[in-house]
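The chains referred to below are lettered A, B, ... by the order of the sequence lines, with proteins before strands, and numbering in each begins at 1.
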Protein chains: 2
Amino acid sequence: MISKKCSYALRAVLALSRNTGGKPLTIHQIAESEGIPARFLEAILRDLKQSGLTESLRGKEGGYRLLGSPRELSVGQVIRAVEGPWLDVPTEAADEVFSPMWEELQNNVNELVDSLTFQQLLSREDTLRRSAVSDYSI
Amino acid sequence: MISKKCSYALRAVLALSRNTGGKPLTIHQIAESEGIPARFLEAILRDLKQSGLTESLRGKEGGYRLLGSPRELSVGQVIRAVEGPWLDVPTEAADEVFSPMWEELQNNVNELVDSLTFQQLLSREDTLRRSAVSDYSI
DNA sequence: ACAATCCCGACTAAATTGATAGACATACTG
DNA sequence: CAGTATGTCTATCAATTTAGTCGGGATTGT
């Protein structure tokens with residue numbers, strides 16, 4: 001199950017990715033544009049900052065910016081920043097017979113989410129936008 | 001995260017797999033041998049029965065048996081029986097940009113858990129048992 | 001009849017998730 | 001400096017999910 005916190009985080013980071021190079025985005029701007037409860041987003045952005053994915057500026061003209069390029073930022077990094085270790089098996093259940101399966105599962109999942117970057121999401125978004133426009137104009 | 005319910009279910013089905021062809025196992029036998037709270041196991045076995053993976057016999061000499069062979073029963077079938085649809089994304093979060101990723105993730109995960117049968121787990125268990133014995137006898 | 005078993009629905013407690021609140025720190029502006 | 005717009009922190013709360021329990025009922029073999 002994907003938690004709301006996780007999808008909020010991904011959308012927030014996507015918003016920050018769109019904004020690369022621009023003025024920092026405030027919590028409220030992101031909250032409004034992405035439809036995320038502002039006080040909740042605040043905690044999420046703090047997690048992202050503590051994991052070193054974003055930087056923040058206080059005071060007037062403050063807000064959040066991505067640290068580094070969307071090209072080098074993967075979905076997996078964001079997920080792990082807000083969810084902690086994912087898909088973990090409780091130690092008591094780490095039965096010898098089943099644990100190789102859980103490990104393999106975790107590896108597969110991490111490989112997948114680590115191979116998708118925000119740069120790729122941005123171009124996917126762009127493709128979707130273009131096709132929506134052409135659908136409308138036809 | 002793998003729930004306790006899920007790992008209990010897997011261990012219970014593994015116990016039933018070991019017992020293929022034998023007299024039915026009672027809830028209490030499985031609960032004791034696998035260290036699962038009996039009343040909780042009862043609910044789990046009910047789920048498994050309702051999904052058609054096991055059959056039950058009531059009264060004295062009653063208990064549970066696997067329906068079908070461990071060779072044709074996958075870990076994925078058991079997981080889905082007790083967890084319902086797994087790794088689902090809340091519909092509100094089913095954003096056009098992210099949903100292909102969630103779908104691919106779900107497909108990968110299902111492929112993996114559907115490719116591992118209880119027959120395979122039984123032989124893995126056997127291998128482990130043999131190597132433990134030889135470790136001891138050296 | 002009796003005992004052993006599964007069957008069912010309701011219930012509870014603990015943990016997690018989703019969200020909110022208030023006080024505080026920082027930084028820019030005039 | 002005063003004022004305002006920001007982020008920071010800790011605590012709290014409500015809703016949901018997970019884990020587990022309970023009491024009684026139904027079924028079957030002896």
Results of salt bridge (charged side-chain N to carboxylate O under 4.0 Å, His left out) for B:E55 - residues two or more places apart only: B:R65
For A:E42, all residues meeting salt bridge (charged side-chain N to carboxylate O under 4.0 Å, His left out), sequence neighbours excluded: A:R39
Using whole Å, what does the distance between atom [atom2] of nucleotide [N] and atom [atom1] of [X] come to?
{"X": "A:I27", "N": "D:dA5", "atom1": "CD1", "atom2": "C1'", "value": "12 Å"}
{"X": "A:R46", "N": "C:dG18", "atom1": "CZ", "atom2": "P", "value": "16 Å"}
{"X": "B:K49", "N": "C:dT5", "atom1": "NZ", "atom2": "P", "value": "16 Å"}
{"X": "A:Y64", "N": "C:dT26", "atom1": "OH", "atom2": "C1'", "value": "13 Å"}
{"X": "A:Q29", "N": "D:dA5", "atom1": "CD", "atom2": "P", "value": "14 Å"}
{"X": "A:H28", "N": "C:dT20", "atom1": "NE2", "atom2": "P", "value": "12 Å"}
{"X": "B:E55", "N": "C:dC6", "atom1": "CD", "atom2": "C1'", "value": "13 Å"}

More than 12 heavy atoms from other groups under 6.0 Å of CZ on A:R71: no
Where at least one partner belongs to residues 35-79 of chain A, residue pairs that pass ring pair (Phe, Tyr, Trp, His ring centres under 6.0 Å), sequence neighbours excluded: A:Y8-A:F40
side-chain contact (heavy atoms from CB on, under 4.5 Å) between B:F118 and B:L66, intermediate numbers included: CA-CA 11 Å; B:F118 280 86; B:L66 222 54; 5.8 Å; no
Pairs flagged by salt bridge (charged side-chain N to carboxylate O under 4.0 Å, His left out) wherever residues 98-111 of chain B is involved - sequence neighbours left out: none
Interatomic spacing from CG in A:L25 to OG in A:S56 - rounded to 0.5 Å: 13.0 Å
Only counting residues at least two apart or in another chain, list the ones meeting side chain to side chain donor-acceptor pair (under 3.5 Å) with [X].
{"X": "B:N110", "answer": "B:R80"}
{"X": "B:R58", "answer": "none"}
{"X": "B:K60", "answer": "none"}

Name the pairs: protein N/O against N/O of nucleotides 11-14 of chain C, kept only if under 3.5 Å.
none

Bend angle of the helix from C:dA1-D:dT30 to C:dG30-D:dC1, end axes from five pairs each (to 10°): 10°
N/O (side chain, B:S56) to phosphate O (OP1/OP2, C:dC7) under 4.0 Å: yes
Residues within residues 17-25 of chain B bordering DNA chain D, heavy-atom distance below 4.0 Å: none
Base-contact (B) and sugar-phosphate-only (S) positions in nucleotides 17-30 of chain D, heavy-atom cut-off under 4.0 Å, - elsewhere: --SBBBB--BBBS-
[X] versus [Y]: any side-chain heavy-atom pair under 4.5 Å?
{"X": "A:L67", "Y": "A:T54", "result": "no"}
{"X": "A:M101", "Y": "B:L121", "result": "no"}
{"X": "A:V113", "Y": "A:I79", "result": "yes"}

Touch class at under 4.0 angstrom, heavy-atom based, for B:L45 against every strand present: nothing
Pair listing, side chain to side chain donor-acceptor pair (under 3.5 Å) test, anchored in residues 16-30 of chain B, at least two apart: B:R18-B:E34, B:R18-B:E125
